Undergrad: 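This is the structure I have questions about; it appears just below.
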Amino acid sequence: MKSMTGYGHGVFKGEDYHLEIEIKSYNSRYLEIVHSMPYILSCYEQELDGLIKERAGRGHVELTVRLKVISSSPELFVDEGALASYVKAYGKISEITSTVPTFSDYASIEGMVQIEKGEDAGRYRDTLFSVMAVALDMFEASKLREGEATRKDLLRLGGIFRDSLEAVKAASVQMPGYFRNLLTTRYEELLHDKGLDDARFMEEVTLLLVKYSINEEIKRLDAHVCEYFKLVSSDEAVGKRLDFLCQEMNRESNTIGSKSQMLEISRCVVDLKDSLENIREQIRNIE
């Protein structure tokens, strides 16, 4: 199990340049990758994204690449067209003034000599992907570490939900007696000493048991709880499936609560929904 939150960092410090990579991720319904990197390295965005997708299935991932060039080998370029024009012009000046132009006359002309650093993205490629591998290993390790902590808590919360469901089952066994006593009291209040029609009385009890029966909901919740523990114990990305399963568990819990006529069951439903809300909060953190 992996958490959607994670952090990774890698750095290279050489004589000519320093390169640093930082990866952060947060909760998100889908996988989103945003970049912050020097323009010269932007040609590698898709390849870097591919590496991230191998480690993250969901989440908002921020990739930051920092490059600091300490020294480089600049290249000088002469504007040959402009130089030829100036040579021709200086030649005419020499004829008139009998002076000879010097090198400094040409070098001082703005734009005559241009400097280009000649940056090449390929120069940084090997270092970039080497540092990225280090950052990704740290990133995945942090996701797994947090994921395991979340798994333990999900198992604990699942146990609370299961215990509450067992309490619902135990209370539901008392429902026939509960309705029998309820109707007996009502009939006695209405009929006093006129006596009860046993057949009619049992028919009313049966109708109430059918109307307020929660056996089907309990059976479905049993199946859902079994699937819940299976998913939580899996090493696959189960966040979306767990979220859907919790919606179903919540629906069955609500149905039991709406049908409940017994205070004991109503209290158990409160516990069911409380543990389920905590479970759903934790599920938001996993892939």
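As the structure is a computational prediction, the values presented were derived from the model and not from experiment.
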Undergrad: Could you tell me which non-hydrogen atom of Ile286 sits nearest to which non-hydrogen atom of Met4, and how far apart they are?
TA: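 Closest heavy-atom pair between Ile286 and Met4: O-CE, 3.4 Å.
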Undergrad: Which atom pair, heavy atoms only, marks the closest approach of Ser25 to Gly6?
TA: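 For Ser25 versus Gly6, the nearest heavy atoms are OG-N, 2.9 Å.
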Undergrad: Taking only residues two or more places apart in sequence or in another chain, which ones pass side-chain contact (heavy atoms from CB on, under 4.5 Å) with Arg29?
TA: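 Partners of Arg29 by the side-chain contact (heavy atoms from CB on, under 4.5 Å) criterion come out as none, since no residue qualifies.
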Undergrad: Quick one: pull up CG in Asp243 and CD in Glu248 and give me the separation to the nearest 0.5 Å.
TA: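 It comes to 11.0 Å.
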Undergrad: Under a 4.5 Å cut-off applied to non-hydrogen side-chain atoms, are Ile23 and Glu62 in contact?
TA: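 A side-chain contact is absent here, since even the closest heavy-atom pair is not under 4.5 Å.
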Undergrad: Honestly curious: do Val225 and Leu154 fall in one hydrophobic cluster under the side-chain, below-4.5 Å linking rule?
TA: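 Linked, Val225 and Leu154 end up in one cluster.
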Undergrad: How many angstroms lie between atom CG of Asp16 and atom NZ of Lys68, to the nearest 0.5 angstrom?
TA: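 One finds 13.5 Å between CG of Asp16 and NZ of Lys68.
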Undergrad: Show the numbers, then the answer: is there a side-chain contact (heavy atoms from CB on, under 4.5 Å) between Leu221 and Ile256?
TA: CA-CA 10 Å; Leu221 275 179; Ile256 291 175; 3.7 Å; yes
Undergrad: Contact between Met37 and Thr64 at the side-chain level, heavy atoms closer than 4.5 Å - yes or no?
TA: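 Sidechains of Thr64 and Met37: no contact.
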Undergrad: Once rounded to the nearest 0.5 Å, what's the spacing between atom CG of Asn254 and atom CG of Leu272?
TA: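 If we round to the nearest 0.5 Å, Asn254:CG and Leu272:CG are 10.0 Å apart.
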Undergrad: What is the minimum heavy-atom distance between Ala56 and Leu31, and which atoms define it?
TA: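 Taking Ala56 first and Leu31 second, the nearest heavy atoms are O-CD2, 3.6 Å.
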Undergrad: Mind checking side-chain hydrogen bond (donor to acceptor under 3.5 Å, both in side chains) for Asn250 and listing every partner two or more places apart, or none if nothing turns up?
TA: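 Checked Asn250 against side-chain hydrogen bond (donor to acceptor under 3.5 Å, both in side chains); matches are Lys273.
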Undergrad: Per the ring pair (Phe, Tyr, Trp, His ring centres under 6.0 Å) rule, what does the pair list look like for residues 34-62, sequence neighbours excluded?
TA: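 The answer is Tyr44-Phe129.
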Undergrad: Heavy-atom distance under 4.5 Å between the side chains of Ile21 and Leu128, does that happen here?
TA: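 Heavy-atom side-chain distance check passes, below 4.5 Å.
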Undergrad: Before accepting this row, confirm whether a basic side-chain N of the pair Glu264/Arg267 lies closer than 4.0 Å to the acidic partner's carboxylate O.
TA: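 Salt bridge: no.
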Undergrad: Taking atom CD of Glu148 as the centre, report whether more than 12 heavy atoms of other residues, nucleotides or ligands fall under 6.0 Å from it.
TA: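 It does: Glu148 CD has more than 12 such atoms within range.
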Undergrad: Would the distance check show the side chain of Ser234 and the main-chain N or O of Lys230 forming a donor-acceptor pair, the cut-off being under 3.5 Å?
TA: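 Flag not set: sc Ser234 to bb Lys230 has no pair under 3.5 Å.
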Undergrad: Locate the shortest heavy-atom distance separating Ile70 from Gly14; write the atom from each residue and the value.
TA: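 Heavy atoms of Ile70 and Gly14 come nearest at CD1-O, 3.8 Å.
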Undergrad: Do Leu155 and Ile160 belong to the same hydrophobic cluster, where Ile, Leu, Val, Met, Phe, Trp and Tyr are linked whenever their side-chain heavy atoms lie under 4.5 Å apart, directly or via other members?
TA: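 Linked within one cluster.
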Undergrad: Closest heavy-atom contact between Leu67 and Pro38?
TA: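 Shortest heavy-atom contact: CB-CG, 3.7 Å.
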Undergrad: Does any pair with a residue in residues 35-51 pass salt bridge (Lys or Arg N to Asp or Glu O under 4.0 Å), and if so which ones, sequence neighbours excluded?
TA: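 Found Glu47-Arg125.
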Undergrad: Assigning hydrophobic clusters by single linkage (Ile, Leu, Val, Met, Phe, Trp, Tyr; side-chain heavy-atom cutoff under 4.5 Å), is Phe229 placed with Leu165?
TA: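 Yes, it is one cluster - the side chains of Phe229 and Leu165 are joined through contacts under 4.5 Å.
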Undergrad: For Tyr228 and Phe161: C-alpha separation, side-chain torsions, deciding distance, then whether ring pair (Phe, Tyr, Trp, His ring centres under 6.0 Å) applies.
TA: CA-CA 11 Å; Tyr228 171 86; Phe161 185 92; 7.7 Å; no
Undergrad: Which of parallel (below 30°), tilted (30 to 60°) and perpendicular (above 60°) describes Tyr124 and Tyr17?
TA: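 Answer is perpendicular, since the angle exceeds 60°.
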Undergrad: Checking side-chain contact (heavy atoms from CB on, under 4.5 Å) for the pair Leu63/Val34: CA distance, chi angles, key distance, verdict?
TA: CA-CA 6 Å; Leu63 173 64; Val34 296; over 6 Å; no
Undergrad: Would you check if Val232 and Val238 make a side-chain contact, meaning some heavy-atom pair closer than 4.5 Å?
TA: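 A side-chain contact is absent here, since even the closest heavy-atom pair is not under 4.5 Å.
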Undergrad: Any non-hydrogen side-chain atom of Ile52 less than 4.5 Å from a side-chain atom of Glu54?
TA: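 A side-chain contact under 4.5 Å is absent here.
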Undergrad: Less than 4.5 Å apart, side chain to side chain, heavy atoms only: is that true for Glu20 and Phe12?
TA: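 In short, these two side chains do not touch, never coming nearer than 4.5 Å.
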Undergrad: Under the criterion side-chain contact (heavy atoms from CB on, under 4.5 Å), I'd like the reasoning laid out for Cys246 against Leu276: C-alpha separation, chi angles, the key distance, then a yes or no.
TA: CA-CA 7 Å; Cys246 284; Leu276 194 57; 4.1 Å; yes
Undergrad: Just verifying a value: how many Å separate Ile40 CD1 and Arg123 CZ, rounded to the nearest 0.5 Å?
TA: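 These two atoms lie 8.5 Å from each other.
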Undergrad: Do Ile218 and Val168 have side chains that approach each other closer than 4.5 Å (heavy atoms only, starting at C-beta)?
TA: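 The answer is yes, as the side chains (C-beta and beyond) meet within the 4.5 Å cut-off.
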Undergrad: Could you check whether Asp153 pairs with Arg156 (Lys NZ or Arg NE/NH1/NH2 to Asp/Glu carboxylate O, under 4.0 Å)?
TA: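 Counted as a salt bridge, because a side-chain N and a carboxylate O are separated by less than 4.0 Å.
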Undergrad: Any donor-acceptor pair under 3.5 Å linking the side chain of Thr99 with the backbone of Ser94?
TA: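 Not at all, since once roles are kept as given, no pair shorter than 3.5 Å links the two residues.
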Undergrad: Which heavy atom of His18 sits nearest to which heavy atom of Lys13, and what is that distance?
TA: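 Heavy atoms of His18 and Lys13 come nearest at CD2-CA, 3.5 Å.
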Undergrad: Table please: side-chain donor-acceptor pairs of residues 135-147 below 3.5 Å, with sequence neighbours left out.
TA:
| residue | atom | partner | partner atom | Å |
| --- | --- | --- | --- | --- |
| Asp137 | OD1 | Arg55 | NH1 | 3.2 |
| Asp137 | OD1 | Arg55 | NH2 | 3.2 |
| Glu140 | OE1 | Arg55 | NH1 | 2.9 |
| Glu140 | OE2 | Lys2 | NZ | 3.0 |
| Ser142 | OG | Tyr7 | N | 3.0 |
| Ser142 | OG | Tyr7 | O | 3.3 |
| Ser142 | OG | Phe139 | O | 2.7 |
| Lys143 | NZ | Ser3 | O | 2.8 |
| Lys143 | NZ | Glu287 | OE2 | 2.7 |
| Glu146 | OE1 | Thr5 | OG1 | 2.7 |

Undergrad: Walk me through whether Arg284 and Glu281 qualify under side-chain contact (heavy atoms from CB on, under 4.5 Å).
TA: CA-CA 6 Å; Arg284 295 188 183 99; Glu281 187 67 29; 2.6 Å; yes
Undergrad: Could you grab the distance from atom CZ of Arg280 to atom CD1 of Ile283, nearest 0.5 Å is fine?
TA: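 The CD1 atom of Ile283 is 8.0 Å from CZ of Arg280, to the nearest 0.5 Å.
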Undergrad: Nearest 0.5 Å, please: how far is OG in Ser233 from CZ in Arg151?
TA: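 Taking CZ in Arg151 and OG in Ser233, the distance rounds to 6.5 Å.
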Undergrad: If we only count heavy atoms from C-beta on, is the Leu245 to His224 side-chain gap below 4.5 Å?
TA: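 Counting from C-beta outward, Leu245 and His224 do come under 4.5 Å.
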Undergrad: Which pairs count as salt bridge (Lys or Arg N to Asp or Glu O under 4.0 Å) when at least one residue sits in residues 159-170, sequence neighbours excluded?
TA: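 Those involving residues 159-170 are Glu166-Lys169, Lys169-Asp222.
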